[in-house]
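Encoded as structure tokens, the structure appears first; notes follow it.
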Amino acid sequence: MRKNIVAGNWKMNLNFEEGVSLFSEIVNMVKDEVIGDQEVVVCAPFIHLSTLGKLAATAANVHIGAQNVHQAEAGAYTGEVSAAQVKSVGVNYVILGHSERRAYFGETDALLADKTNAVLKQGLRPIFCIGETKEERESNNFFAVIKTQLEGGVFHLSATEFAEVVLAYEPVWAIGTGLTASPEQAQEVHAFIRETVAAKYGAEIADQTTILYGGSANPSNASTLFAQPDIDGGLIGGASLKSRDFLEIVKVFNK
Ligand code: 13P
């Protein structure tokens with residue numbers, strides 16, 4: 001069966017000391033309280049990753065992720081960080097295509113396809129984000145938007161490459177707004193994503209693909225969201241900054 005994953009996206013929050021302290025709490029809580037085989041991923045700012053990588057190595061089901069990388073392997077790209085560099089400090093996952101990067105940094109589907117290649121080339125797993133804006137939802141255009149994002153960002157991959165991709169459905173209107181997609185709304189889109197993947201790569205790969213939900217997920221709504229058949233976990237923003245809240249979301253998968 002496909003893996004359940006709960007990933008925290010700290011975004012541009014927490015100084016180094018705060019990040020190390022929160023991550024240590026998470027690692028300890030996971031060791032004490034997690035009894036399922038769900039995977040926990042914390043996507044932290046670059047400056048935290050080296051230290052968090054060492055702490056993550058002590059807990060089998062805790063991994064770290066980056067929130068972005070540059071598409072080139074190395075070179076004269078002042079201020080950028082490569083997939084090989086994050087790999088060298090123990091990173092396993094990289095968030096790509098987050099709506100904040102699409103909106104504020106002009107990341108296009110074509111650029112994201114290059115970044116996906118760079119991440120896979122290092123043997124890392126992309127957490128590839130897709131999702132519609134409020135306007136696109138209200139104009140009932142969201143299925144087309146999501147299909148275009150998949151086609152542009154990841155559908156150039158071979159089946160073997162695609163098998164390493166984690167998808168995250170993050171409706172832009174639900175991110176950081178306190179508005180959550182209802183379990184029915186989220187399930188409808190997750191089922192559509194899985195069907196779209198099946199049409200491209202076949203039912204077996206679609207069935208193995210982990211599809212996360214992100215957008216104002218919290219300890220109160222996570223269990224009804226994760227109970228949906230096509231929702232395999234979450235990409236958690238605000239609630240991942242509090243160890244207890246994050247752990248309660250992770251523990252939805254304790255069986
Ligand atoms: P919130 O959980 O704060 O809405 O953020 C979701 C998100 O963007 C995760 O990547």
Side-chain angles (χ1 to χ4, degrees), residues 4-14 18-19 22-23 26 38-46 48-49 52 63-69 86 91-105 107 112 115-116 119 124-134 136-137 142 145-146 149 153-154 165-183 185-186 189-190 193 210-226 228 231-253:
N4 293 127
I5 299 174
V6 178
N9 176 7
W10 287 359
K11 308 191 179 182
M12 198 175 71
N13 293 299
L14 306 176
E18 291 162 344
L22 173 60
F23 191 75
I26 291 170
Q38 67 271 49
E39 212 164 273
V40 178
V41 182
V42 171
C43 301
F46 289 127
H48 297 75
L49 292 173
L52 303 197
H63 298 274
I64 56 167
Q67 300 171 16
N68 175 41
V69 288
V86 298
V91 161
N92 295 115
Y93 289 88
V94 181
I95 297 176
L96 291 178
H98 194 283
S99 60
E100 287 150 18
R101 294 213 58 89
R102 292 177 190 261
Y104 307 146
F105 303 98
E107 295 201 354
L112 293 169
K115 290 193 175 198
T116 303
V119 164
L124 307 179
R125 302 191 71 186
I127 300 177
F128 192 85
C129 304
I130 52 187
E132 81 283 1
T133 62
K134 186 166 177 279
E136 289 159 348
R137 169 137 303 250
F142 50 101
V145 168
I146 286 161
Q149 290 171 338
V154 289
V165 175
V166 173
L167 296 174
Y169 170 55
E170 296 211 311
V172 180
W173 49 272
I175 295 178
T177 57
L179 282 176
T180 318
S182 68
Q185 283 174 320
V189 176
H190 280 237
I193 293 168
T210 296
I211 310 177
L212 309 179
Y213 168 80
S216 301
N218 60 45
S220 328
N221 58 30
S223 18
T224 45
L225 284 162
F226 298 173
Q228 302 301 312
I231 302 183
D232 310 313
L235 183 53
I236 317 297
S240 74
L241 296 170
K242 295 192 190 116
S243 55
R244 184 37 59 198
D245 285 0
F246 185 58
L247 246 286
E248 289 310 314
I249 299 172
V250 170
K251 283 167 66 181
V252 169
F253 290 111

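In each ligand, atom 1 is the first atom listed, and ligand 1 is the first ligand listed.
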Tell me the contacting part of Ala174 for ligand 1: side chain, backbone, both, or neither, using a 4.0 Å heavy-atom threshold, strictly below.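 Just the backbone.
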Side chain or backbone of Leu235 under 4.0 Å from ligand 1, or both, or neither, by non-hydrogen atoms?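 The answer is both.
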Report yes or no: does Arg125 contribute a side-chain atom to a donor-acceptor pair with the main-chain N or O of Tyr93 at less than 3.5 Å?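 No, Arg125 side chain to Tyr93 backbone: no donor-acceptor pair under 3.5 Å.
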Min side-chain heavy-atom separation [X]-[Y] under 4.5 Å:
X: Gln149; Y: Val154; value: no
X: Leu167; Y: Thr210; value: no
X: Ile175; Y: His98; value: yes

Give a yes/no verdict on whether any heavy atom in Gly215 is under 4.0 Å from an atom of ligand 1.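 Right, Gly215 reaches ligand 1.
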Protein contact to atom 7 (C) of ligand 1 [nearest heavy atom, distance to 0.1 Å]: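 Result for atom 7 (C) of ligand 1: Glu170 OE2, 3.2 Å.
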For His98, counting its heavy atoms only, list the atoms of ligand 1 lying under 4.0 Å from any of them.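 Every atom of ligand 1 under 4.0 Å from some heavy atom of His98: 7 (C), 8 (O), 9 (C), 10 (O).
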Minimum distance, heavy atoms only, to atom 3 (O) of ligand 1: which one of Gly238, Ser240, Gly234 is it?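 Checking each option, the heavy atom nearest atom 3 (O) of ligand 1 is found in Gly238.
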Any N or O of [X] that comes nearer than 3.5 Å to an N or O of ligand 1?
X: Ala239; value: no
X: Gly237; value: yes
X: Ser216; value: yes

Ile211 and side chain to side chain contact (heavy atoms under 4.5 Å, CB included): which partner among Ile5, Ile193, Ile130?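 Of the listed options, the one satisfying the test is Ile193.
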So does Glu107 pair up with Arg102, basic N to acidic O under 4.0 Å?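 No, no charged N to carboxylate O under 4.0 Å.
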All ring pair (Phe, Tyr, Trp, His ring centres under 6.0 Å) counterparts of Phe253, not counting sequence neighbours: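 For Phe253 the ring pair (Phe, Tyr, Trp, His ring centres under 6.0 Å) partners, ignoring immediate neighbours, are Phe226.
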